[in-house]
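Since we're looking at a predicted model, the values are computed, not measured. Numbers restart at 1 for each chain; the letters A, B, ... are given by sequence-line order, proteins then strands.
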Amino acid sequence: MRRQVPLALCFIFGLVMMLAEFSPHPVSQGIRKEIIDWSLIIWPFALVLAVASLVHTHWIRIRRRAEYWQYSYLVFIGMIVMVVIGIPFGKRHPAFVWMFENVQVPMDATMFSLLAFIIASAAYRAFRARTFEASLLLAAALIVMIGNVPVGDFIWNKLIPFGDDLPSTARQWILDNPNLSSRRGIILGISLGVISQSIRIILGIERSYLGGGD
Amino acid sequence: MLERLMNIDRRIIFILVALAVIIPTFLKVSFPITVSEPTRQIYTHIDELPPDATVLMAFNYGPSSLAELEPMAAAVLRHCFKRGLRVIGLTLFPDGATLGDEVIKDIAEETGAVNGEDYVYLGYRPGRIQVLLGMGSSIESVFESDYADKPLREIPMMNAIKNYDHIDLVLDLASSSSPAWWITYTNTRYNQQIAAGVTGVMVSELYPYLQTKQLVGLMPGLLGAAEYEKLINAPEKGTAGMSVQSFVHLLIVALVIFGNIAFFIRRRKEQ
């Protein structure tokens with residue numbers, strides 16, 4: 001019963017939404033709108049579940065003294081401070097906005113900025129023209145990198161008397177042709193995979209989302 | 001010697017990258033920007049909209065990609081407000097709610113746009129794809145009030161805007177796969193015109209949609225912001241950032257070339 005009910009719900013809602021997508025009839029469109037409204041209501045409950053799961057995970061880490069368990073206290077402190085300010089005073093309260101702009105924004109931006117340093121170091125060590133394919137990839141990457149910044153065109157136009165803005169033109173050609181065709185192949189492959197997986201889920205063949213693995 | 005160069009301490013590379021960022025920031029060097037066709041297409045589309053048209057801007061980014069996407073948002077908002085277009089702002093991600101609110105308020109103040117008449121900021125609602133689908137029937141069924149909790153029915157601008165039928169362009173400023181959601185669920189089903197401004201690493205993924213006209217235009221990372229600033233003749237953060245980025249790209253290209261020269265010399269010696 002614990003498995004049959006979710007499987008039946010998945011089949012019914014999956015089928016109804018699929019049919020409603022192809023039927024402009026007011027009845028089917030009404031049902032579709034109703035289901036979308038339901039799913040909008042379900043989402044906030046999913047957020048509550050996510051918060052509960054986060055609290056549970058970090059509570060377990062602290063209890064078991066897992067590696068770096070001390071940082072889990074920081075998760076709780078951050079969460080409690082934002083909730084204590086955010087819920088009673090609202091999302092536009094200066095204190096809430098201040099915390100966001102002066103704590104979360106610099107921390108997130110710093111983490112992301114580190115990528116530039118890591119990429120530079122990794123590119124120097126690992127980006128080698130060892131094979132023909134690697135050489136092609138390397139050449140394309142260098143052209144796109146140089147064409148992606150205005151200094152590329154600037155240097156080319158100053159030094160080379162022909163082919164104005166060649167680096168940016170070459171970059172655009174790479175994006176418009178080899179990149180586009182390979183991306184389209186990837187998108188088609190993924191889409192076919194998604195369709196077949198969706199059919200398997202709706203028909204109850206694929207049940208891993210229920211947990212248990214079968 | 002060659003071996004030492006190839007195994008150079010990564011901290012030296014980190015210092016070189018830091019210098020490539022810091023020195024141009026203080027020198028304020030700038031280079032002429034060539035506008036790419038996908039960015040120009042967004043500019044032209046917005047520029048040709050009638051004065052009472054509505055542009056929906058989705059601020060689907062968080063603080064980590066703020067540096068790339070906020071200059072884009074600011075440039076497009078300046079263009080829209082100067083042209084007298086109505087702007088609706090929203091986000092599908094909780095991190096984007098405050099960021100969208102700040103940028104739209106700042107540019108509105110700068111251009112004299114009035115909240116509730118020239119723009120409305122709806123903020124965040126959980127649901128992502130369901131939000132997109134729900135707005136197809138009625139925006140009010142998803143966002144019953146704006147970010148300041150004012151009911152939509154009390155906002156004059158929203159009287160005439162009920163769903164996608166009354167929105168002329170959606171511009172998704174994204175650091176994740178949200179442009180594909182807009183294309184799949186609003187372009188395909190509601191024939192909504194979509195444009196996107198995305199982080200540099202995501203640009204290549206969206207080119208197939210550009211060719212099929214499912215995207216009317218595409219702004220690539222900070223370069224897109226700088227290009228748009230050039231088009232509206234208002235150089236700001238995007239243009240300044242591109243100069244810094246130019247030096248970092250040059251450094252990485254130089255490092256890659258140098259690394260490969262050392263690699264080939266060593267390989268020849270080994271042979």
*Asks:* For A:Met111, is it the side chain, the backbone, both, or neither that has a heavy atom closer than 4.5 Å to a heavy atom of chain B?
*Replies:* neither

*Asks:* What part of A:Arg130 lies closer than 4.5 angstrom to a heavy atom of chain B: side chain, backbone, both or neither?
*Replies:*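 Contact with chain B involves both backbone and side-chain atoms of A:Arg130.
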
*Asks:* Does any N or O in the side chain of B:His249 come within less than 3.5 Å of the main-chain N or O of A:Ile146, such that one atom is a donor and the other an acceptor?
*Replies:* no

*Asks:* With chain A, which of B:Pro220, B:Ala18, B:Ser141, B:Ser65 has the greatest number of heavy-atom pairs at distances under 4.5 Å?
*Replies:* B:Ala18

*Asks:* Return the minimal non-hydrogen interatomic distance between B:Ser246 and A:Pro150, and the atom names on each side.
*Replies:* OG-CD, 3.5 Å

*Asks:* May I ask you to name which of B:Ile129, B:Leu210, B:Val256 has the most heavy-atom pairs under 4.5 Å with chain A?
*Replies:* B:Val256

*Asks:* So, does A:Lys91 use its side chain to make a donor-acceptor pair with the main chain of B:Gly123 at under 3.5 Å?
*Replies:*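 Checked: no pair found.
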
*Asks:* Between B:Lys105 and chain A, which part of the residue has a heavy atom less than 4.5 Å away: side chain, backbone, both or neither?
*Replies:*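 Just its side chain gets close to chain A.
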
*Asks:* Side chain, backbone, both or neither: which part of B:Ala180 has an atom under 4.5 Å from a heavy atom of chain A?
*Replies:* neither

*Asks:* Contact part of B:Tyr185 toward chain A, heavy-atom cut-off under 4.5 Å: side chain, backbone, both or neither?
*Replies:*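 It is neither, since no heavy atom gets under 4.5 Å.
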
*Asks:* Can you tell which of A:Asp153, A:Ile118, A:Val149, A:Asn157 has the highest number of heavy-atom pairs within less than 4.5 Å of chain B?
*Replies:*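 Of A:Asp153, A:Ile118, A:Val149, A:Asn157, A:Val149 has the most heavy-atom pairs under 4.5 Å with chain B.
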
*Asks:* Can you tell me which portion of A:Arg92 sits under 4.5 Å from chain B's heavy atoms? Options are side chain, backbone, both or neither.
*Replies:*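 It is the side chain, since no backbone atom gets that close.
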
*Asks:* Does some side-chain heavy atom of A:Arg128 sit less than 4.5 Å from a side-chain heavy atom of B:Phe263?
*Replies:* yes

*Asks:* May I ask you to decide if the ring planes of A:Tyr124 and B:Phe258 are parallel, tilted or perpendicular, using 30° and 60° as cut-offs?
*Replies:*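 Plane angle under 30°, so parallel.
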
*Asks:* Let me know if A:Ser168 has heavy atoms under 4.5 Å from chain B in its side chain, its backbone, both or neither.
*Replies:* side chain

*Asks:* Side chain, backbone, both or neither: which part of A:Glu101 has an atom under 4.5 Å from a heavy atom of chain B?
*Replies:* side chain

*Asks:* So what's closer than 4.5 Å to chain B heavy atoms on A:Asn179: side chain, backbone, both or neither?
*Replies:*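 Contact with chain B: side chain only.
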
*Asks:* By a 4.5 Å heavy-atom criterion (distance strictly below it), what part of A:Phe127 contacts chain B: side chain, backbone, both, or neither?
*Replies:* both

*Asks:* With a 4.5 Å cut-off on heavy-atom pairs, point out which of B:Glu102, B:Arg267, B:Arg125 contacts chain A the most.
*Replies:*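 Highest number of pairs under 4.5 Å: B:Glu102.
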
*Asks:* Which atoms of B:Val253 come close to chain A, meaning under 4.5 Å heavy atom to heavy atom: side chain ones, backbone ones, both, or neither?
*Replies:*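 When you check distances to chain A, atoms from both the backbone and side chain of B:Val253 fall under 4.5 Å.
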
*Asks:* Please look at B:Ile13 and chain A and tell me whether the side chain, the backbone, both or neither of the residue comes under 4.5 angstrom of a heavy atom of that chain.
*Replies:*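 Looking at B:Ile13, just its side chain touches chain A.
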
*Asks:* Do B:Leu66 and A:Asp108 have side chains that approach each other closer than 4.5 Å (heavy atoms only, starting at C-beta)?
*Replies:*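 B:Leu66 does not reach A:Asp108 side chain to side chain.
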
*Asks:* Under 4.5 Å heavy-atom distance to chain B, tell me which part of A:Leu47 shows up: side chain, backbone, both or neither.
*Replies:*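 The answer is the side chain of A:Leu47.
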
*Asks:* Measuring heavy-atom distances to chain A, does B:Val21 have an atom under 4.5 Å in its side chain, in its backbone, in both, or in neither?
*Replies:* neither

*Asks:* Using a cut-off of under 4.5 Å for heavy-atom pairs, which of B:Ala148, B:Gly134, B:Ala97, B:Ser36 has the most such pairs with chain A?
*Replies:* B:Ala148

*Asks:* Looking only at heavy atoms, what is the nearest atom pair of B:Ser64 and A:Phe112, with distance?
*Replies:*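 The pair with the smallest heavy-atom distance is O-CD2, 3.0 Å.
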
*Asks:* In terms of heavy-atom proximity below 4.5 Å to chain B, should A:Gln172 be classed as side chain, backbone, both, or neither?
*Replies:* side chain

*Asks:* Any donor and acceptor pair, going by atom type alone, linking the side chain of A:Arg125 with main-chain N or O of B:Ile8 inside 3.5 Å?
*Replies:* yes

*Asks:* Check whether B:Asn260 reaches the backbone of A:Ala129 with its side chain - one donor and one acceptor, N or O, closer than 3.5 Å.
*Replies:*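 Answer holds: yes.
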
*Asks:* Which atoms of B:Glu37 come close to chain A, meaning under 4.5 Å heavy atom to heavy atom: side chain ones, backbone ones, both, or neither?
*Replies:* neither

*Asks:* At a heavy-atom distance under 4.5 Å, which candidate from B:Ala254, B:Ser204, B:Ser137 has the highest pair count against chain A?
*Replies:*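 Going by pairs under 4.5 Å, I would pick B:Ser204.
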
*Asks:* When you measure from the side chain of A:Arg184 to the backbone N and O of B:Pro208, does any donor-acceptor pair fall under 3.5 Å?
*Replies:*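 Such a contact is found between A:Arg184 side chain and B:Pro208 backbone.
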
*Asks:* Which bit of A:Ile155 comes within less than 4.5 Å of chain B, counting heavy atoms only: side chain, backbone, both or neither?
*Replies:* side chain

*Asks:* Quick one: what part of A:Ile35 sits under 4.5 Å from any heavy atom of chain B, side chain, backbone, both or neither?
*Replies:* neither

*Asks:* Determine whether A:Val151 and B:Phe247 make a side-chain contact, defined as any pair of heavy atoms from C-beta on separated by less than 4.5 Å.
*Replies:*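 No, side chains not in contact.
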
*Asks:* Are more than 12 heavy atoms, taken from residues, nucleotides or ligands other than B:Lys237, located less than 6.0 Å from that residue's NZ atom?
*Replies:* no

*Asks:* Considering only heavy atoms and a distance below 4.5 Å, find which of B:Asp101, B:Ile12, B:Asn7 pairs most often with chain A.
*Replies:*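 If we count pairs closer than 4.5 Å to chain A, B:Asp101 comes out on top.
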
*Asks:* Which region of A:Leu180, side chain (C-beta onward) or backbone (N, CA, C, O), has a non-hydrogen atom less than 4.5 Å from a non-hydrogen atom of chain B, or is it both or neither?
*Replies:* both

*Asks:* Which bit of B:Pro94 comes within less than 4.5 Å of chain A, counting heavy atoms only: side chain, backbone, both or neither?
*Replies:* neither

*Asks:* With a 4.5 angstrom heavy-atom cut-off, could you sort out which part of B:Phe264 is near chain A: side chain, backbone, both or neither?
*Replies:* side chain

